[in-house]
Amino acid sequence: MRTLNVALGARSYPILIERGLIDRAELVLPHLRTRRVAVVTNDVVGPLYLDRFCAGLRANGITVSSVVLPDGEAHKDWPTLNLIFDMLLGERCERSTTLIALGGGVVGDMGGFAAATYQRGMPFIQVPTTLLSQVDSSVGGKTAINHPLGKNMVGAFYQPKLVLADTATLDTLPERELSAGLAEVIKYGLIRDPDFFDWLERNVERLLERDAEALAYAIERSCRNKAEVVVADETEQGERALLNLGHTFGHAIETGLGYGEWLHGEAVAAGTMMAAELSRRLGWLSGADVERIDALFLRAGLPVRGPDLGVERYLDLMAHDKKVEAGRLRLVLLRAIGQAVMHAESPQADIIAAIERCCA
Ligand code: NAD
Ligand code: GLY
(Lines give C-alpha, C1' and ligand atoms only; values in the text may rest on other atoms or scores of the structure.)
(Ligands and ions follow the chains in the order given, each with its own letter.)
Protein backbone atom coordinates (compact mmCIF):
# COMPACT_ATOMS: atom_id res chain seq x y z
CA MET A 1 0.00 0.00 0.00
CA ARG A 2 1.25 3.50 -0.83
CA THR A 3 0.96 5.83 2.17
CA LEU A 4 1.49 9.57 2.42
CA ASN A 5 1.06 11.92 5.34
CA VAL A 6 -0.44 15.40 5.17
CA ALA A 7 1.61 17.00 7.93
CA LEU A 8 -0.64 19.58 9.57
CA GLY A 9 0.37 19.15 13.20
CA ALA A 10 -2.51 17.93 15.35
CA ARG A 11 -4.66 17.79 12.21
CA SER A 12 -2.26 15.58 10.23
CA TYR A 13 -3.76 12.66 8.35
CA PRO A 14 -2.74 9.77 6.14
CA ILE A 15 -3.61 9.16 2.49
CA LEU A 16 -3.76 5.44 1.71
CA ILE A 17 -3.61 4.36 -1.95
CA GLU A 18 -4.19 0.76 -3.04
CA ARG A 19 -6.63 -1.51 -4.84
CA GLY A 20 -9.39 -2.99 -2.66
CA LEU A 21 -9.30 -0.53 0.25
CA ILE A 22 -13.08 -0.12 0.52
CA ASP A 23 -13.23 -3.77 1.59
CA ARG A 24 -10.76 -3.12 4.40
CA ALA A 25 -12.89 -1.45 7.09
CA GLU A 26 -10.23 -2.20 9.68
CA LEU A 27 -8.19 0.64 8.16
CA VAL A 28 -10.98 3.08 9.03
CA LEU A 29 -11.45 2.00 12.65
CA PRO A 30 -8.43 3.78 14.21
CA HIS A 31 -9.65 7.07 12.76
CA LEU A 32 -13.17 6.98 14.27
CA ARG A 33 -14.00 8.86 17.45
CA THR A 34 -16.91 6.53 18.29
CA ARG A 35 -18.27 3.38 16.65
CA ARG A 36 -20.79 5.41 14.67
CA VAL A 37 -20.51 6.63 11.07
CA ALA A 38 -22.74 8.35 8.52
CA VAL A 39 -21.89 7.58 4.90
CA VAL A 40 -22.71 10.11 2.18
CA THR A 41 -22.76 8.88 -1.41
CA ASN A 42 -24.78 9.39 -4.59
CA ASP A 43 -27.11 7.39 -6.81
CA VAL A 44 -24.30 6.32 -9.18
CA VAL A 45 -21.63 5.33 -6.66
CA GLY A 46 -24.12 4.00 -4.09
CA PRO A 47 -25.36 1.04 -6.15
CA LEU A 48 -21.74 0.13 -6.98
CA TYR A 49 -20.02 0.38 -3.61
CA LEU A 50 -22.25 1.44 -0.70
CA ASP A 51 -23.44 -2.01 0.45
CA ARG A 52 -19.95 -3.48 0.27
CA PHE A 53 -18.41 -0.60 2.17
CA CYS A 54 -21.13 -0.54 4.85
CA ALA A 55 -21.05 -4.33 5.26
CA GLY A 56 -17.35 -4.19 6.11
CA LEU A 57 -17.94 -1.45 8.67
CA ARG A 58 -20.87 -3.29 10.27
CA ALA A 59 -18.84 -6.50 10.43
CA ASN A 60 -16.42 -4.51 12.59
CA GLY A 61 -19.16 -3.44 15.01
CA ILE A 62 -19.79 0.00 13.56
CA THR A 63 -23.30 1.48 13.44
CA VAL A 64 -23.82 2.90 9.96
CA SER A 65 -26.33 5.44 8.66
CA SER A 66 -26.26 6.57 5.04
CA VAL A 67 -27.75 8.97 2.54
CA VAL A 68 -27.78 8.68 -1.25
CA LEU A 69 -27.72 12.07 -2.98
CA PRO A 70 -28.73 12.80 -6.57
CA ASP A 71 -25.66 12.57 -8.81
CA GLY A 72 -23.95 15.46 -10.48
CA GLU A 73 -22.42 18.92 -10.31
CA ALA A 74 -25.88 20.45 -10.83
CA HIS A 75 -26.80 19.08 -7.37
CA LYS A 76 -23.83 20.58 -5.57
CA ASP A 77 -26.22 23.02 -3.92
CA TRP A 78 -28.13 23.95 -0.76
CA PRO A 79 -31.16 21.64 -1.25
CA THR A 80 -28.88 18.62 -1.74
CA LEU A 81 -26.64 19.62 1.17
CA ASN A 82 -29.77 19.75 3.29
CA LEU A 83 -30.48 16.08 2.50
CA ILE A 84 -27.27 15.27 4.41
CA PHE A 85 -28.43 17.30 7.42
CA ASP A 86 -31.88 15.65 7.21
CA MET A 87 -30.21 12.25 7.47
CA LEU A 88 -27.81 13.29 10.25
CA LEU A 89 -30.60 14.77 12.36
CA GLY A 90 -33.16 12.09 11.49
CA GLU A 91 -30.73 9.35 12.51
CA ARG A 92 -29.71 11.29 15.63
CA CYS A 93 -26.08 11.42 14.62
CA GLU A 94 -23.91 13.10 17.19
CA ARG A 95 -21.07 15.56 16.96
CA SER A 96 -18.72 12.60 17.53
CA THR A 97 -20.20 10.55 14.64
CA THR A 98 -17.77 10.38 11.70
CA LEU A 99 -19.10 11.47 8.31
CA ILE A 100 -17.62 9.43 5.45
CA ALA A 101 -17.86 10.75 1.89
CA LEU A 102 -17.92 7.85 -0.60
CA GLY A 103 -17.79 9.21 -4.14
CA GLY A 104 -16.18 11.74 -6.42
CA GLY A 105 -15.35 15.38 -5.80
CA VAL A 106 -18.95 16.50 -5.66
CA VAL A 107 -19.83 14.09 -2.85
CA GLY A 108 -16.51 14.84 -1.14
CA ASP A 109 -16.89 18.62 -1.28
CA MET A 110 -20.50 18.49 -0.07
CA GLY A 111 -19.88 15.82 2.56
CA GLY A 112 -16.93 17.83 3.84
CA PHE A 113 -18.98 21.02 4.06
CA ALA A 114 -21.73 19.16 5.91
CA ALA A 115 -19.14 17.73 8.32
CA ALA A 116 -17.59 21.17 8.86
CA THR A 117 -20.92 22.67 9.83
CA TYR A 118 -23.05 19.91 11.43
CA GLN A 119 -23.15 20.76 15.12
CA ARG A 120 -20.19 23.08 14.35
CA GLY A 121 -17.98 20.24 13.16
CA MET A 122 -17.89 16.44 13.16
CA PRO A 123 -15.00 14.14 12.15
CA PHE A 124 -14.76 13.45 8.44
CA ILE A 125 -13.19 10.77 6.20
CA GLN A 126 -12.77 10.90 2.43
CA VAL A 127 -13.19 7.73 0.32
CA PRO A 128 -12.68 9.18 -3.18
CA THR A 129 -13.82 7.06 -6.12
CA THR A 130 -12.89 9.16 -9.17
CA LEU A 131 -9.40 9.87 -10.46
CA LEU A 132 -9.99 13.58 -9.94
CA SER A 133 -11.00 13.13 -6.33
CA GLN A 134 -8.13 10.70 -5.64
CA VAL A 135 -5.50 13.12 -6.97
CA ASP A 136 -6.97 16.41 -5.84
CA SER A 137 -10.29 17.13 -4.17
CA SER A 138 -10.09 14.60 -1.31
CA VAL A 139 -6.78 16.07 -0.12
CA GLY A 140 -6.36 19.47 1.47
CA GLY A 141 -9.65 20.23 3.16
CA LYS A 142 -11.42 22.50 0.69
CA THR A 143 -15.16 21.89 0.92
CA ALA A 144 -17.92 23.79 -0.84
CA ILE A 145 -21.16 24.03 -2.72
CA ASN A 146 -21.83 26.10 -5.83
CA HIS A 147 -23.91 29.27 -6.12
CA PRO A 148 -25.68 30.16 -9.40
CA LEU A 149 -23.29 33.12 -9.66
CA GLY A 150 -20.10 31.17 -9.02
CA LYS A 151 -18.43 27.78 -8.48
CA ASN A 152 -17.54 26.67 -4.95
CA MET A 153 -18.50 30.07 -3.58
CA VAL A 154 -19.86 28.83 -0.25
CA GLY A 155 -17.68 26.52 1.80
CA ALA A 156 -15.06 25.96 4.48
CA PHE A 157 -11.55 24.68 4.97
CA TYR A 158 -12.02 21.44 6.88
CA GLN A 159 -9.43 18.67 6.85
CA PRO A 160 -10.40 14.99 6.85
CA LYS A 161 -9.01 12.48 9.36
CA LEU A 162 -8.15 9.97 6.63
CA VAL A 163 -8.18 9.66 2.84
CA LEU A 164 -8.74 6.12 1.56
CA ALA A 165 -8.13 5.99 -2.20
CA ASP A 166 -9.21 2.58 -3.51
CA THR A 167 -7.78 2.55 -7.02
CA ALA A 168 -9.93 -0.50 -7.93
CA THR A 169 -12.99 1.78 -7.88
CA LEU A 170 -11.54 3.46 -10.98
CA ASP A 171 -12.33 0.25 -12.93
CA THR A 172 -15.97 1.39 -13.18
CA LEU A 173 -15.24 5.04 -13.96
CA PRO A 174 -16.45 6.19 -17.41
CA GLU A 175 -13.66 7.10 -19.85
CA ARG A 176 -14.70 10.75 -19.98
CA GLU A 177 -14.38 10.99 -16.18
CA LEU A 178 -10.95 9.35 -16.26
CA SER A 179 -9.79 11.97 -18.76
CA ALA A 180 -11.26 14.74 -16.60
CA GLY A 181 -9.16 13.49 -13.70
CA LEU A 182 -6.05 13.57 -15.88
CA ALA A 183 -6.49 17.34 -16.26
CA GLU A 184 -5.70 17.80 -12.56
CA VAL A 185 -2.84 15.26 -12.78
CA ILE A 186 -1.27 17.19 -15.67
CA LYS A 187 -1.78 20.37 -13.63
CA TYR A 188 0.77 19.23 -11.02
CA GLY A 189 3.39 18.73 -13.73
CA LEU A 190 2.67 22.16 -15.12
CA ILE A 191 2.71 24.12 -11.88
CA ARG A 192 5.62 22.55 -9.95
CA ASP A 193 6.84 19.15 -11.16
CA PRO A 194 8.40 19.30 -14.66
CA ASP A 195 9.83 15.76 -14.36
CA PHE A 196 6.29 14.52 -13.75
CA PHE A 197 5.14 16.41 -16.86
CA ASP A 198 7.84 14.55 -18.85
CA TRP A 199 6.71 11.25 -17.26
CA LEU A 200 3.11 12.02 -18.27
CA GLU A 201 4.20 12.68 -21.85
CA ARG A 202 5.71 9.19 -21.87
CA ASN A 203 2.90 7.42 -19.99
CA VAL A 204 -0.45 9.08 -20.66
CA GLU A 205 -1.68 6.16 -22.79
CA ARG A 206 -0.90 3.72 -19.94
CA LEU A 207 -3.08 5.86 -17.67
CA LEU A 208 -5.92 5.85 -20.20
CA GLU A 209 -5.60 2.06 -20.42
CA ARG A 210 -5.90 1.99 -16.59
CA ASP A 211 -2.56 0.30 -16.10
CA ALA A 212 -2.69 -0.29 -12.33
CA GLU A 213 0.96 0.50 -11.67
CA ALA A 214 0.93 3.69 -13.73
CA LEU A 215 -2.28 4.89 -12.08
CA ALA A 216 -1.01 4.23 -8.57
CA TYR A 217 2.23 6.06 -9.38
CA ALA A 218 0.41 9.07 -10.84
CA ILE A 219 -2.03 9.23 -7.92
CA GLU A 220 0.74 9.04 -5.34
CA ARG A 221 2.88 11.66 -7.09
CA SER A 222 -0.12 13.97 -7.50
CA CYS A 223 -1.08 13.59 -3.84
CA ARG A 224 2.53 14.22 -2.80
CA ASN A 225 2.54 17.46 -4.77
CA LYS A 226 -0.80 18.50 -3.36
CA ALA A 227 0.14 17.60 0.23
CA GLU A 228 3.37 19.64 0.00
CA VAL A 229 1.47 22.70 -1.16
CA VAL A 230 -1.29 22.30 1.42
CA VAL A 231 1.21 21.89 4.25
CA ALA A 232 3.00 25.07 3.15
CA ASP A 233 -0.18 27.13 2.78
CA GLU A 234 -3.28 25.43 4.17
CA THR A 235 -5.71 28.34 3.84
CA GLU A 236 -4.45 29.71 0.52
CA GLN A 237 -2.69 32.87 1.60
CA GLY A 238 -0.17 32.39 -1.21
CA GLU A 239 1.30 29.28 -2.85
CA ARG A 240 -1.86 27.17 -2.66
CA ALA A 241 -3.56 29.45 -5.17
CA LEU A 242 -1.18 28.03 -7.79
CA LEU A 243 -3.18 24.79 -7.64
CA ASN A 244 -5.85 26.77 -9.43
CA LEU A 245 -4.02 26.93 -12.76
CA GLY A 246 -6.69 27.16 -15.46
CA HIS A 247 -9.46 27.36 -12.86
CA THR A 248 -10.37 31.05 -13.22
CA PHE A 249 -11.09 30.51 -16.92
CA GLY A 250 -12.43 27.00 -16.19
CA HIS A 251 -14.88 28.10 -13.51
CA ALA A 252 -16.19 30.71 -15.98
CA ILE A 253 -16.84 27.88 -18.44
CA GLU A 254 -18.61 25.75 -15.82
CA THR A 255 -20.76 28.59 -14.47
CA GLY A 256 -21.39 30.09 -17.91
CA LEU A 257 -22.63 26.84 -19.46
CA GLY A 258 -24.54 25.69 -16.38
CA TYR A 259 -23.08 23.26 -13.85
CA GLY A 260 -22.61 19.76 -15.18
CA GLU A 261 -22.55 20.63 -18.89
CA TRP A 262 -18.76 20.38 -19.05
CA LEU A 263 -16.93 18.27 -16.48
CA HIS A 264 -14.74 20.19 -14.05
CA GLY A 265 -11.56 18.62 -15.45
CA GLU A 266 -12.58 19.44 -19.02
CA ALA A 267 -13.13 23.08 -18.08
CA VAL A 268 -9.76 23.11 -16.30
CA ALA A 269 -8.01 21.75 -19.42
CA ALA A 270 -9.49 24.38 -21.75
CA GLY A 271 -8.91 27.03 -19.06
CA THR A 272 -5.28 25.95 -18.73
CA MET A 273 -4.80 26.45 -22.47
CA MET A 274 -6.08 30.04 -22.04
CA ALA A 275 -3.59 30.55 -19.19
CA ALA A 276 -0.81 29.02 -21.32
CA GLU A 277 -1.65 31.24 -24.28
CA LEU A 278 -1.64 34.31 -22.03
CA SER A 279 1.72 33.18 -20.60
CA ARG A 280 3.06 32.97 -24.18
CA ARG A 281 1.82 36.49 -24.90
CA LEU A 282 3.65 37.73 -21.80
CA GLY A 283 6.84 36.20 -23.22
CA TRP A 284 7.16 33.42 -20.64
CA LEU A 285 6.19 30.27 -22.56
CA SER A 286 7.39 29.58 -26.08
CA GLY A 287 5.03 28.53 -28.85
CA ALA A 288 6.59 25.07 -28.59
CA ASP A 289 5.75 24.92 -24.85
CA VAL A 290 2.12 25.77 -25.58
CA GLU A 291 2.02 23.06 -28.27
CA ARG A 292 3.43 20.49 -25.81
CA ILE A 293 0.67 21.28 -23.29
CA ASP A 294 -1.99 21.26 -26.01
CA ALA A 295 -0.75 17.90 -27.32
CA LEU A 296 -0.74 16.26 -23.89
CA PHE A 297 -4.30 17.39 -23.10
CA LEU A 298 -5.46 16.13 -26.50
CA ARG A 299 -3.79 12.75 -25.96
CA ALA A 300 -5.50 12.61 -22.54
CA GLY A 301 -8.88 13.01 -24.27
CA LEU A 302 -9.44 16.56 -23.05
CA PRO A 303 -10.74 19.68 -24.80
CA VAL A 304 -8.19 22.41 -25.54
CA ARG A 305 -10.71 25.01 -26.69
CA GLY A 306 -13.38 26.58 -24.48
CA PRO A 307 -17.00 27.13 -25.54
CA ASP A 308 -17.71 30.42 -27.28
CA LEU A 309 -19.50 32.22 -24.43
CA GLY A 310 -18.34 35.60 -25.78
CA VAL A 311 -15.37 37.42 -24.28
CA GLU A 312 -17.53 39.81 -22.26
CA ARG A 313 -19.28 36.90 -20.57
CA TYR A 314 -15.94 35.25 -19.75
CA LEU A 315 -14.64 38.48 -18.21
CA ASP A 316 -17.83 39.01 -16.25
CA LEU A 317 -17.77 35.48 -14.83
CA MET A 318 -14.05 35.67 -14.08
CA ALA A 319 -14.64 38.83 -12.04
CA HIS A 320 -16.38 36.58 -9.44
CA ASP A 321 -13.23 34.50 -8.95
CA LYS A 322 -12.12 33.94 -5.35
CA LYS A 323 -8.64 35.18 -6.27
CA VAL A 324 -9.99 38.64 -7.16
CA GLU A 325 -8.51 41.06 -4.59
CA ALA A 326 -9.55 44.72 -4.30
CA GLY A 327 -11.31 44.30 -7.63
CA ARG A 328 -8.09 43.13 -9.30
CA LEU A 329 -8.09 39.89 -11.31
CA ARG A 330 -5.16 37.69 -10.28
CA LEU A 331 -4.38 34.80 -12.62
CA VAL A 332 -2.21 31.72 -12.24
CA LEU A 333 0.14 31.72 -15.22
CA LEU A 334 3.21 29.75 -16.30
CA ARG A 335 6.74 31.16 -16.29
CA ALA A 336 7.77 27.77 -17.69
CA ILE A 337 6.45 24.24 -17.80
CA GLY A 338 6.78 23.26 -14.13
CA GLN A 339 6.79 26.80 -12.75
CA ALA A 340 3.50 28.55 -12.03
CA VAL A 341 3.22 32.14 -10.78
CA MET A 342 0.41 34.38 -9.60
CA HIS A 343 0.12 37.46 -11.78
CA ALA A 344 -2.14 40.50 -11.44
CA GLU A 345 -0.67 42.68 -14.17
CA SER A 346 -1.78 41.00 -17.41
CA PRO A 347 -2.89 43.62 -19.95
CA GLN A 348 -6.63 43.33 -20.60
CA ALA A 349 -5.95 43.11 -24.35
CA ASP A 350 -3.80 40.01 -23.82
CA ILE A 351 -6.41 38.35 -21.60
CA ILE A 352 -9.04 38.99 -24.27
CA ALA A 353 -6.77 37.73 -27.04
CA ALA A 354 -5.97 34.55 -25.06
CA ILE A 355 -9.66 33.82 -24.51
CA GLU A 356 -10.49 34.47 -28.18
CA ARG A 357 -7.59 32.33 -29.39
CA CYS A 358 -8.66 29.41 -27.17
CA CYS A 359 -12.40 29.43 -27.88
CA ALA A 360 -14.02 26.99 -30.25
P1 NAD B 1 -18.10 13.85 -9.62
O2 NAD B 1 -18.04 13.77 -8.17
O3 NAD B 1 -19.29 14.48 -10.25
O4 NAD B 1 -17.87 12.41 -10.23
C5 NAD B 1 -17.91 12.23 -11.61
C6 NAD B 1 -18.98 11.20 -12.03
O7 NAD B 1 -18.47 9.90 -11.80
C8 NAD B 1 -20.27 11.31 -11.26
O9 NAD B 1 -21.33 10.98 -12.10
C10 NAD B 1 -20.08 10.25 -10.19
O11 NAD B 1 -21.28 9.80 -9.64
C12 NAD B 1 -19.38 9.18 -10.97
N13 NAD B 1 -18.55 8.25 -10.22
C14 NAD B 1 -17.81 8.50 -9.12
N15 NAD B 1 -17.08 7.44 -8.80
C16 NAD B 1 -17.36 6.48 -9.71
C17 NAD B 1 -16.90 5.16 -9.91
N18 NAD B 1 -15.94 4.65 -9.15
N19 NAD B 1 -17.42 4.45 -10.92
C20 NAD B 1 -18.36 5.00 -11.74
N21 NAD B 1 -18.81 6.25 -11.62
C22 NAD B 1 -18.31 6.99 -10.62
O23 NAD B 1 -16.84 14.67 -10.21
P24 NAD B 1 -15.28 14.67 -9.85
O25 NAD B 1 -14.60 14.88 -11.14
O26 NAD B 1 -14.89 13.53 -9.02
O27 NAD B 1 -15.13 15.97 -8.97
C28 NAD B 1 -15.42 17.24 -9.49
C29 NAD B 1 -15.78 18.16 -8.33
O30 NAD B 1 -14.63 18.27 -7.47
C31 NAD B 1 -16.13 19.55 -8.76
O32 NAD B 1 -17.28 19.98 -8.06
C33 NAD B 1 -14.94 20.38 -8.34
O34 NAD B 1 -15.28 21.70 -8.02
C35 NAD B 1 -14.46 19.64 -7.13
N36 NAD B 1 -13.05 19.82 -6.82
C37 NAD B 1 -12.73 20.11 -5.54
C38 NAD B 1 -11.42 20.25 -5.18
C39 NAD B 1 -11.07 20.49 -3.73
O40 NAD B 1 -9.91 20.79 -3.45
N41 NAD B 1 -11.99 20.33 -2.83
C42 NAD B 1 -10.41 20.10 -6.13
C43 NAD B 1 -10.76 19.81 -7.43
C44 NAD B 1 -12.10 19.67 -7.78
N1 GLY C 1 -7.98 22.36 -5.95
C2 GLY C 1 -7.30 23.49 -5.42
C3 GLY C 1 -6.95 23.39 -3.97
O4 GLY C 1 -7.20 22.42 -3.32
O5 GLY C 1 -6.41 24.30 -3.46
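Counting starts at 1 for both ligands and their atoms, following the listed order.
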Which residue and atom name correspond to the protein heavy atom nearest [atom], and how close is it?
atom	answer
atom 4 (O) of ligand 1	Thr130 CG2, 3.5 Å
atom 43 (C) of ligand 1	Asp136 OD2, 3.6 Å
atom 12 (C) of ligand 1	Val44 CG1, 4.1 Å
atom 8 (C) of ligand 1	Asp71 OD1, 3.2 Å
atom 5 (O) of ligand 2	Arg240 NE, 2.7 Å
atom 25 (O) of ligand 1	Leu132 CB, 3.6 Å
atom 3 (O) of ligand 1	Val106 CG2, 3.4 Å
atom 22 (C) of ligand 1	Leu173 CD1, 3.7 Å
atom 38 (C) of ligand 1	Ser137 CB, 3.2 Å

Do any nitrogen or oxygen atoms of [X] come within less than 3.5 Å of a nitrogen or oxygen of ligand 1?
X	answer
Val45	no
Lys151	yes
Thr129	yes
Gly105	yes
Thr143	no

* **contact_flag Glu254 ligand 1 heavy-atom lt 4.0 Å** =>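 Judged by the 4.0 Å heavy-atom criterion, Glu254 does not count as contacting ligand 1.
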Kindly indicate whether the side chain of [X], heavy atoms from C-beta on, has any atom under 4.5 Å from the side chain of [Y].
X	Y	result
His75	Asn42	no
Leu207	Leu215	yes
Glu220	Leu4	yes
Thr80	Pro70	yes
Leu282	Glu345	no
Met110	Val40	no
Asn225	Ser222	no
Tyr49	Thr172	yes

Quick test of your reading of the structure: of His264, Glu177, His251, whose heavy atom lies closest to atom 6 (C) of ligand 1?
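Among His264, Glu177, His251, the closest heavy atom to atom 6 (C) of ligand 1 belongs to Glu177.
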- prompt: With respect to atom 35 (C) of ligand 1, which of Asp171, Asp109, Asp43 exhibits the smallest heavy-atom separation?
  reply: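 Heavy atom nearest to atom 35 (C) of ligand 1 belongs to Asp109.
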- request: Please report the C-alpha distance between Glu91 and Ser65 in whole Å, then the side-chain angles of each, then the deciding distance to 0.1 Å, and finally whether the side chain to side chain donor-acceptor pair (under 3.5 Å) criterion is met.
  value: CA-CA 7 Å; Glu91 299 276 316; Ser65 305; 3.0 Å; yes
Ligand-residue contact atoms, ligand 2 with Asn244, heavy atoms, under 4.0 Å: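 Close to Asn244: 2 (C).
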Handout entry: Atoms in ligand 2 flagged as close to Asp136, the criterion being non-hydrogen separation under 4.0 Å
Key =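 In order of number, 1 (N).
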For [X], atoms of ligand 1 separated by under 4.0 Å from a heavy atom:
X	result
Tyr49	18 (N)
Glu184	43 (C)
Lys226	40 (O)
Asn152	34 (O)
Thr172	17 (C), 18 (N), 19 (N), 20 (C)
Lys76	31 (C), 32 (O), 33 (C), 34 (O), 35 (C)
Asn42	10 (C), 11 (O)
Leu48	19 (N), 20 (C)

Work out whether the distance between some heavy atom of Lys226 and some atom of ligand 2 is less than 4.0 Å.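 Right, Lys226 reaches ligand 2.
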I'd like to know if [X] and [Y] make a salt bridge, using a cut-off of under 4.0 Å between side-chain N and carboxylate O.
X	Y	result
Arg2	Glu213	yes
Lys187	Asp136	yes
Lys76	Glu254	no

- prompt: Quick one: does Tyr188's side chain have a donor or acceptor within less than 3.5 Å of a partner on Val135's backbone?
  reply: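 Yes, Tyr188 side chain to Val135 backbone: donor-acceptor pair under 3.5 Å.
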Discussion item. Checking side-chain contact (heavy atoms from CB on, under 4.5 Å) between Ile125 and each of Leu32, Leu99, Val163, which is the one that passes?
Written reply: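 Passing option: Leu32.
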Ring geometry between His343 and Trp284 (parallel below 30°, tilted from 30 to 60°, perpendicular above 60°):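 Correct class here is perpendicular.
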Between His251 and His264, what is the ring plane arrangement, given parallel below 30°, perpendicular above 60°, and tilted in between?
-> tilted
